[in-house]
Amino acid sequence: GAKLTFSIGAQKLTCEHCGAEKELTFADGARVDERDLMSALNKQGTQRTSSAGAHFVGTHEVKCSACGASVAFSGSLTSSACSYCDAPIQRDKAHELTHRLPVDGLCPFGVEKDVAQQKLHGWVKSRWFAPNEFTRRGVQGKFDGVYMPFFTFDAMTFTNYRGQRGDTYWETHGSGKNRRRVAKIRWSPASGSFQRFFDDVCVPALKSLPQKLLHGLEPWPTERLKPFTDQALAGKLAHTYEIELDGAFHLGKERMESELTADVKRRIGGDVQQISSQNTNYSALTYKHVLLPVWILAYRYSGKPYRVVVNAVTGAVNGERPWSPIKIAIAVLFGVAVAVLLAVLFGGEQGGSGNY
């Protein structure tokens, strides 16, 4: 009769008391399908007009069925644990409310906590420009497994561009000891068009964590997504989205535009590029609302808060860390010394040669 929790190693629901296991169950015919983005955005606008699109705000209390204690849920938190008996508790049907976009799928936790801690330890040791005390002591704090809300976007894009290709060439100026080589750029026009399909561009739907922090955990193996079941949340924290679909698509589109600009520069070629126009049409726009697993550690160093996150599917680590001004200064001085030495050596070789 005890509560079941999701076992990462077994990928099943397990009882911590007797060891009984139960497979995750999914609704008949459940699949992780793409949803039409424009239809969802139009519906979202209608809900806002009718004031139906309420958010999770304030604090709510849920009774623990194991010990009877009251557990507070605040903000977007939808799954937690009882502070008195550690039994898993969920805000009832939080991910199924009609005024919220349903969760289409999730990636179950695949990296055990002790493995994530080992990867975290390796990440700390590899921070060369961190203070010595930090790398020696490591980071200490509460290490939680959390399901983070993401939106993924698919898009077919067609881009037209015009610009200039710059190719570097060298000219010799002066004579005798004053002879020197000067870099010049020869510009030529460039234009073209190309098509590119974006598949599962992941956008974290949280305001409480920096986008860049979670982007550092990519790529996410979205091919492993399973249909959503709240059984997988048992024993883990889970959040619903804080950034609405239109805001998330705006962020996703910015990421696509950045990659398309890089594509345009590669296609223009040369040593440097100038883009005078870049126009992109988007079609076949779809999205998914998914939960992705993250191990997250919050810690303080010298009174300042930092966070480190671990991709609980692939084991990738990304985080915030302190910097050592002394190590950075030494590295800068060393770099300057090397640059001066190379300049002296290169200048000496040029001065002793009469051929250019």
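Since the model is a prediction, treat every value here as computed from it, not as a measurement.
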- Main-chain N/O of Asn160 paired to Asn279 side chain as donor or acceptor, under 3.5 Å: no

- Query: Under 4.0 Å between a Lys/Arg side-chain N and an Asp/Glu carboxylate O for Glu34 and Lys288?
  - Reply: yes

- Begin with the C-alpha distance, continue with both residues' side-chain angles, and end with the deciding distance and a verdict on side chain to side chain contact (heavy atoms under 4.5 Å, CB included) for Glu218 and His215. CA-CA 6 Å; Glu218 295 180 355; His215 287 332; 3.5 Å; yes

- Quick one: are the ring centres of Phe198 and Phe153 less than 6.0 Å apart? no

- Message: Which label fits Phe109 and Trp295: parallel for a plane angle under 30°, tilted from 30 to 60°, or perpendicular past 60°?
- Response: perpendicular

- Message: Hydrophobic clusters here meaning ILVMFWY residues chained together by side-chain heavy-atom distances under 4.5 Å, can you tell me if Leu260 and Ile275 are in one?
- Response: yes

- Message: Please report whether the ring centroid of His239 lies less than 6.0 Å from that of Tyr147.
- Response: no

- For Phe194, is the NZ or CZ atom of Arg267 found under 6.0 angstrom from the centre of its six-membered ring and inside 45 degrees of the ring axis? yes

- For the side chain of Gln278 and the backbone of Thr159, is there at least one donor-acceptor N/O pair under 3.5 Å apart? no

- Message: Among Val203, Val201, Thr152, Leu245, which residue satisfies the side chain to side chain contact (heavy atoms under 4.5 Å, CB included) criterion with Tyr287?
- Response: Leu245

- Query: Side chain of Ser258, backbone of Glu254: donor and acceptor closer than 3.5 Å?
  - Reply: no

- Query: Between Asn318 (side chain) and Leu213 (backbone), is there a donor-acceptor pair under 3.5 Å?
  - Reply: yes

- Please check if atom NE2 in His250 has more than 12 non-hydrogen atoms from other residues, nucleotides or ligands closer than 6.0 Å. no

- Query: Looking only at atom types and distance, does a side-chain atom of Gln11 sit under 3.5 Å from a main-chain N or O of Ile8, one as donor and one as acceptor?
  - Reply: yes

- Message: Do Ser277 and Tyr161 make a side-chain contact, defined as non-hydrogen atoms from C-beta onward lying under 4.5 Å apart?
- Response: no

- Message: For the CZ atom on Arg255, are there more than 12 heavy atoms of other groups (residues, nucleotides or ligands in this structure) within a distance under 6.0 Å?
- Response: yes

- Query: Quick one: do Met38 and Phe197 end up in the same hydrophobic cluster if we chain Ile, Leu, Val, Met, Phe, Trp and Tyr together by side-chain heavy atoms under 4.5 Å apart?
  - Reply: no

- Message: Between Arg165 and Asp271, is the salt bridge (charged side-chain N to carboxylate O under 4.0 Å, His left out) condition met? List the steps.
- Response: CA-CA 8 Å; Arg165 169 186 174 132; Asp271 300 308; over 6 Å; no

